[in-house]
Enquirer: 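Input: one structure, supplied below.
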Protein chains: 4
Amino acid sequence: MSPRIPSKNEEIRQESMKKIMEAAFSLIAKQGYESTSIAQIAKGAGVSKGLLYNYFTSKEDLLKQLIDNAAAQGENVMAELIADDPAVTLENIFKWLFKELRERPDYFRLLMELTFKIDKFQFAHDLALQKYTGYLKFLEDLLSQMNFPDPRGEASLLAALFDGIGIQWMVIKDDYPSEEIESFLINKYCKGKYK
Amino acid sequence: MSPRIPSKNEEIRQESMKKIMEAAFSLIAKQGYESTSIAQIAKGAGVSKGLLYNYFTSKEDLLKQLIDNAAAQGENVMAELIADDPAVTLENIFKWLFKELRERPDYFRLLMELTFKIDKFQFAHDLALQKYTGYLKFLEDLLSQMNFPDPRGEASLLAALFDGIGIQWMVIKDDYPSEEIESFLINKYCKGKYK
Amino acid sequence: MSPRIPSKNEEIRQESMKKIMEAAFSLIAKQGYESTSIAQIAKGAGVSKGLLYNYFTSKEDLLKQLIDNAAAQGENVMAELIADDPAVTLENIFKWLFKELRERPDYFRLLMELTFKIDKFQFAHDLALQKYTGYLKFLEDLLSQMNFPDPRGEASLLAALFDGIGIQWMVIKDDYPSEEIESFLINKYCKGKYK
Amino acid sequence: MSPRIPSKNEEIRQESMKKIMEAAFSLIAKQGYESTSIAQIAKGAGVSKGLLYNYFTSKEDLLKQLIDNAAAQGENVMAELIADDPAVTLENIFKWLFKELRERPDYFRLLMELTFKIDKFQFAHDLALQKYTGYLKFLEDLLSQMNFPDPRGEASLLAALFDGIGIQWMVIKDDYPSEEIESFLINKYCKGKYK
DNA sequence: GATGAATGAGTGTTCATTCAT
DNA sequence: TATGAATGAACACTCATTCAT
């Protein structure tokens with residue numbers, strides 16, 4: 001009955017899933033999870049509502065996979081930022097952060113959207129906590145190498161700062177003086193100015 | 001002539017409004033705006049759905065009044081924090097911030113909830129921007145008095161930091177090392193340590 | 001306990017009822033029965049919703065009394081239109097009809113509103129049928145005196161004509177050529193022209 | 001490739017729309033627009049409330065399509081009534097009018113219902129006015145050919161008469177002497193009797 | 001694999017009516 | 001007599017989900 005070879009089928013699956021997830025991603029990032037309907041996502045992806053349920057068991061499952069996917073994408077980026085000089089590594093991190101905000105504002109928007117669903121979706125909480133712990137440890141090591149007096153406290157501050165900058169970016173948008181803040185951060189933390 | 005003394009009536013109104021707003025506040029702070037239904041709020045307040053519309057013209061109006069109310073409550077607090085020594089003022093601000101987070105976590109939760117409705121509710125955007133600008137100016141003046149080299153950049157950082165700490169508090173909750181971070185912040189910015 | 005003498009009370013009752021009925025009349029005539037709320041009527045009358053239920057047992061009862069009242073008002077008007085010459089009587093009737101439409105369009109509007117509630121409100125059906133029969137008889141007598149060959153048929157036509165003119169007046173409003181039609185009717189039926 | 005043949009799908013759609021529109025038509029004609037709920041219509045059509053919104057964007061849209069549909073049905077009937085002799089044409093019109101009232105009383109009921117929503121629904125006003133103007137012109141030409149002294153006045157009268165007869169039919173129903181009035185009209189206007 | 005017609009529980013909102021004062 | 005806070009059933013409408021094809 002099925003004329004397709006399995007791999008061809010799998011290809012089609014991947015294609016459809018990708019279209020759905022891309023549509024879901026941008027719509028949810030823009031409108032929020034509750035305000036985005038399955039019908040909208042299906043339409044945005046150019047598939048039927050029914051097909052969506054072939055790949056995702058529910059709207060919540062779609063969100064979960066969206067997050068997992070986004071998290072995986074950012075997984076290996078840290079490795080690329082590491083330089084021999086920890087100060088350069090930190091500078092790379094700052095630069096990467098602002099680049100992300102400028103180029104993929106939706107990504108941060110979606111992460112925050114999720115953060116607010118924490119009480120609703122346990123998996124979001126777990127993921128966020130795990131990410132936070134990882135980043136904190138990484139920063140602590142880095143700042144320790146740079147001989148900051150309280151690397152753990154300073155790392156906590158930086159972790160909070162990343163989220164806070166993202167939030168303010170979202171709110172203030174075009175008027176946010178991101179270049180100035182980026183320079184200031186690099187000067188302050190990596191160039192040893194203002195110390 | 002009047003069948004019920006007006007002042008008594010007003011009292012009843014205030015009572016009901018309070019019940020409704022309290023229920024709405026905690027439910028929306030916990031679940032988010034979209035995920036909280038009018039039916040839930042009415043039930044939580046112990047009144048009928050219909051009564052809610054005696055006091056609020058719509059669900060959005062209820063949200064707006066909730067925010068206005070919360071904003072007004074925090075309005076005059078800044079004045080009380082000002083001391084002769086700007087370093088003490090800043091310390092007061094830090095202490096107040098953490099006290100708020102500890103005692104009224106829902107308040108911050110609701111403000112953030114709103115921040116994410118910015119594209120949906122114009123009034124939220126306006127309020128957020130206005131608050132941000134005000135705080136920024138205040139901090140800049142303060143840091144300027146304390147002879148920070150770049151008071152404006154530092155003020156931007158602090159403003160972002162406040163939001164970021166709030167977010168992380170929300171996510172990490174009981175495991176968030178708030179006392180340590182509070183001490184660290186005070187030491188770093190007010191006691192001149194680590195400079 | 002009651003310092004008022006009964007007649008004073010009765011006066012107040014009449015006053016309140018009149019205000020309510022006037023407000024109800026104009027609002028229902030304008031918006032229709034279903035689209036007019038008790039709250040609107042009470043507000044328009046300057047009384048509380050509760051008071052309304054002191055005088056009318058329900059919204060339907062208010063409508064009924066409104067109709068009864070309107071019908072009673074038009075009861076004795078016919079007598080004033082009768083002249084010695086039946087042709088003059090008929091002319092008076094035509095003139096009265098157009099005068100009513102011009103001066104009290106709401107009255108006709110309300111009667112029609114009611115006509116459409118016939119299946120909902122039995123009393124409306126009964127009243128309409130009774131009125132129709134009365135008018136028909138009156139016209140038949142008149143046309144018989146004027147020696148019309150088929151006074152009953154002609155009377156039926158005229159009765160229908162009155163309603164039809166009212167309807168078209170409502171729909172076409174200012175563009176309706178009422179003067180021309182009035183003249184035409186009088187010339188045709190009372191002056192013997194076009195025969 | 002398609003899981004269901006498009007034409008089959010279209011068939012299903014037409015089927016459902018027809019069921020809904022038929023149920024809506026008779027219910028609204030009987031009870032009026034406001035007094036007929038979506039739930040009633042859905043139940044009457046044997047479908048779910050939700051399905052109704054697959055085909056009609058709102059209750060008002062359903063009403064609009066109902067009217068458009070009814071208007072289209074009566075569109076071409078006029079052409080069939082025209083005969084060589086204008087008197088025969090007029091007779092055909094009279095006969096058609098009464099036939100309509102007898103066989104499709106709901107149709108007139110719905111048109112009148114709509115006429116009363118004129119202030120609420122602009123499309124109803126436009127349609128009614130357009131129909132009225134068309135009919136008036138048609139009748140004027142006809143009566144002019146029949147050498148009536150004031151064809152325009154007489155045409156206005158007839159137009160009003162049609163509405164008026166419909167109204168009285170609605171109210172009086174089975175007791176309305178429609179045969180007699182029909183004969184009388186034909187005799188009077190087409191056979192030249194009573195002139 | 002793919003469709004979209006169909007469902008029904010749920011949403012925010014309205015409103016006639018009641019009743020304590 | 002008079003008020004208006006309070007109720008709850010009903011309303012139009014939405015949407016995640018199912019399933020016959």
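This is a predicted model, so every value here is computed, not measured. Note: hydrogens, waters and symmetry copies are ignored here, and every other heavy atom, side chains too, is used. So you know, we letter chains A, B, ... as the sequences are listed, proteins then strands, and number each from 1.
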Enquirer: If you check the D:S37 side chain, which of F:dC11, E:dG4, F:dT17 turns out closest?
Expert: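 In terms of side-chain proximity for D:S37, the closest of F:dC11, E:dG4, F:dT17 is F:dC11.
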
Enquirer: Could you tell me how the ring of B:F121 sits relative to the ring of B:Y33: parallel (under 30°), tilted (30 to 60°) or perpendicular (over 60°)?
Expert: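 Perpendicular: the ring planes of B:F121 and B:Y33 meet at over 60°.
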
Enquirer: Is the phosphate of E:dT14, meaning OP1 or OP2, less than 4.0 Å from a side-chain N or O of B:Y53?
Expert: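 Answer is no, no contact under 4.0 Å.
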
Enquirer: NA contact type, D:I38, heavy-atom cut-off 4.0 Å: base, sugar-phosphate, or nothing?
Expert: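 If one applies the 4.0 Å heavy-atom cut-off, D:I38 turns out to touch the sugar-phosphate alone, with no base involved.
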
Enquirer: Establish whether the base of E:dT3 is bridged to the side chain of A:K49 by a donor-acceptor pair shorter than 3.5 Å.
Expert: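 Looking at the base of E:dT3, it does not pair with any donor or acceptor on the side chain of A:K49 (distance under 3.5 Å).
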
Enquirer: Touch check for A:F56, heavy atoms < 4.0 angstrom, all strands: base, sugar-phosphate only, or nothing?
Expert: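 Touches nothing.
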
Enquirer: OP1, OP2 of F:dG4 versus side-chain N and O of B:R13: anything below 4.0 Å?
Expert: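 No, B:R13 has no side-chain N/O under 4.0 Å of OP1/OP2 on F:dG4.
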
Enquirer: Would you call B:R109 and B:E113 a salt bridge, using N to O less than 4.0 angstrom?
Expert: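 Yes, this pair counts.
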
Enquirer: Taking OP1 and OP2 of F:dA2, is either one under 4.0 Å from a side-chain nitrogen or oxygen of C:S16?
Expert: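 Checking F:dA2 against C:S16, a side-chain N or O does come within under 4.0 Å of OP1 or OP2.
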
Enquirer: Classify B:T36 by what it touches in the nucleic acid, base, sugar-phosphate, or nothing, heavy-atom distance under 4.0 Å.
Expert: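 Here B:T36 touches the backbone only, sparing every base.
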
Enquirer: For the residue pair C:N69 and C:Q65, confirm or rule out a side-chain donor-acceptor distance under 3.5 Å.
Expert: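 Their side chains do not contain a donor-acceptor pair, so the 3.5 Å distance test is not met.
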
Enquirer: Specify the residue among C:L52 and A:T57 whose closest nucleotide of DNA chain F lies further upstream toward the 5′ end.
Expert: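 Comparing both residues, the 5'-ward one is C:L52.
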
